[in-house]
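Working notes, structure below.
The structure displayed is predicted, hence computed values, not measured ones. Chain letters run A, B, ... following the sequence lines, proteins first, then strands; residues in each count from 1.
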Amino acid sequence: MEATKFLDAKGLACPMPIVRTKKAMEDLSSGDVLEIHTTDKGSKSDLTAWAKSGGHEILKEEQEADVFKFWIKKA
Amino acid sequence: MAKIMSTKELATKIVTGEATFILDVRNKDEFDNWKIEGGKVELLNEAYFNLLDGVDSITDKLPKDKDIIVVCAKGGSSEMIADMLEEAGFQNAYSLEGGMKAWSEHLEPVKIGDLKDGGSLYQFVRLGKGCLSYFIESNGEAAIIDTARMIDTYESFAAKKGLTIKHTIDTHLHADHISGGRRLAEKAGATYHLPPKDATEVTFDYTPVEEGNDITVGKTTVKVQPIYSPGHTIGSTSFIIDDTYLITGDILFVKSIGRPDLAGLAEDWVGDLRNTLYSKYKELSDDLIVLPAHYSFPEELGEGGRVAARLGDLYAKNSGLQVDDEDVFRKMVTENLPPQPNAYQEIRKTNMGKINPDLDEQKEMETGPNRCAVEG
């Protein structure tokens with residue numbers, strides 16, 4: 001999937017994956033897609049809940065070994 | 001930097017009934033599934049990711065006159081939010097060290113009473129999961145019933161009192177938490193007892209718990225008397241200690257009764273559960289003090305953190321013991337059951353010795369409440 005920007009949050013513990021995601025989203029325009037990779041298990045449900053509360057759309061998510069990958073479209 | 005509160009400090013506040021304000025910053029689903037309860041705890045849930053731009057949205061809901069304990073899953077986000085609260089003028093903000101993961105592991109020992117021939121009985125309350133284990137000491141010896149995974153707590157408790165751990169006993173094969181019974185027995189050179197009917201698939205040696213084979217603790221006669229009481233599992237066994245206390249395992253709780261579905265089909269064991277609760281226990285003295293393996297409701301946590309009730313009082317009050325109609329009872333314990341405990345199949349396999357997850361995996365498996373009860 002084509003992403004406007006890529007954020008590597010692997011190895012970061014909560015709350016950093018969301019803090020970085022939020023910051024990265026601020027630099028994007030509406031409709032842009034951010035691709036995020038994390039390894040923190042808790043980030044999976046938190047990213048989903050955070051995106052929902054901000055009206056962002058999770059286009060796709062997948063897991064490859066220990067890495068969780070997300071594609072989020074900015075509202 | 002925010003102040004840190006240990007799980008031990010929080011546990012003391014809860015069991016002593018100190019007014020405690022908890023700001024849980026996990027997401028709503030996680031909070032709704034499992035949270036800190038008991039004593040005089042007041043809760044507010046607001047996810048940390050909604051507070052990244054500032055805590056203004058919640059400041060008017062926060063108390064100024066008591067401690068605010070910020071809680072998250074592992075202790076990282078709570079520290080960040082506690083820092084922000086401190087900057088916003090809340091000098092009473094603390095972050096719970098290690099979050100819910102650490103909270104789930106804390107064991108709080110409370111004394112239940114003295115035994116007739118010397119010695120005493122303690123209840124170890126696992127506030128984070130609602131699990132209860134029992135420590136019997138007499139004449140320099142100790143026996144532990146339903147040992148939790150964190151065996152070092154019992155080891156240091158025994159060492160402080162100069163006791164040798166002689167027996168570890170499980171009332172049944174647990175499905176909600178990983179038993180520390182076998183590991184502690186191996187380490188301490190003690191005997192590990194398990195009901196044989198729950199042990200048909202285990203991969204290790206154990207001593208079968210059977211009616212008639214009393215276990216003696218110390219050289220006096222603290223009698224641990226097994227009573228076969230199936231229903232939660234086919235092997236579930238209760239113990240009468242010192243003719244005074246009835247350890248019920250997951251068969252009978254203070255406000256509810258055990259569920260029969262975690263080790264197979266509820267239909268298979270509902271008859272056993274009915275028979276244990278409505279016949280077998282009824283033959284026992286009403287004056288026995290029931291000591292269960294779990295509690296599910298914060299109000300079950302009594303004075304000083306104790307969870308206990310007189311058997312006769314439970315026959316008068318516990319809703320699971322008031323169902324005269326067998327069909328109604330059957331429906332109650334087989335239909336509309338609460339969700340099963342997290343990873344309960346893997347936990348059972350671990351307790352059988354079939355799988356050996358590493359410590360991090362074990363902690364992950366034990367996340368969440370115990371969920372072993374059905375409310376009548």
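- With a 4.5 Å cut-off on non-hydrogen atoms, Ser45(A) touches chain B through its backbone and its side chain both.
- Among the candidates Ile18(A), Asp46(A), Thr48(A), the residue making the largest number of heavy-atom pairs closer than 4.5 Å to chain B is Asp46(A).
- Residue Asn50(B) touches chain A through its side chain alone, counting heavy-atom pairs closer than 4.5 Å.
- For the pair Ile22(B) and Ile36(B), the tightest heavy-atom approach, listed with the atom from each and the gap, is CD1-CG2, 3.5 Å.
- A ring-centre distance under 6.0 Å is not found for His37(A) and Phe70(A).
- Between His177(B) and His174(B), the ring planes lie tilted relative to each other; the angle falls in the 30° to 60° range.
- In this structure, Asp176(B) contributes its side chain and Glu366(B) its backbone to no donor-acceptor pair below 3.5 Å.
- Ionic pairing of Asp27(A) and Lys5(A) is present here: one or more N-O contacts between side-chain nitrogen and carboxylate oxygen are shorter than 4.0 angstrom.
- For Ala13(A), no part lies under 4.5 angstrom from a heavy atom of chain B.
- Only the side chain of Glu364(B) has a heavy atom closer than 4.5 Å to any heavy atom of chain A.
- The contact between Tyr48(B) and chain A is made entirely by side chain atoms (from C-beta outward), counting heavy-atom distances below 4.5 Å.
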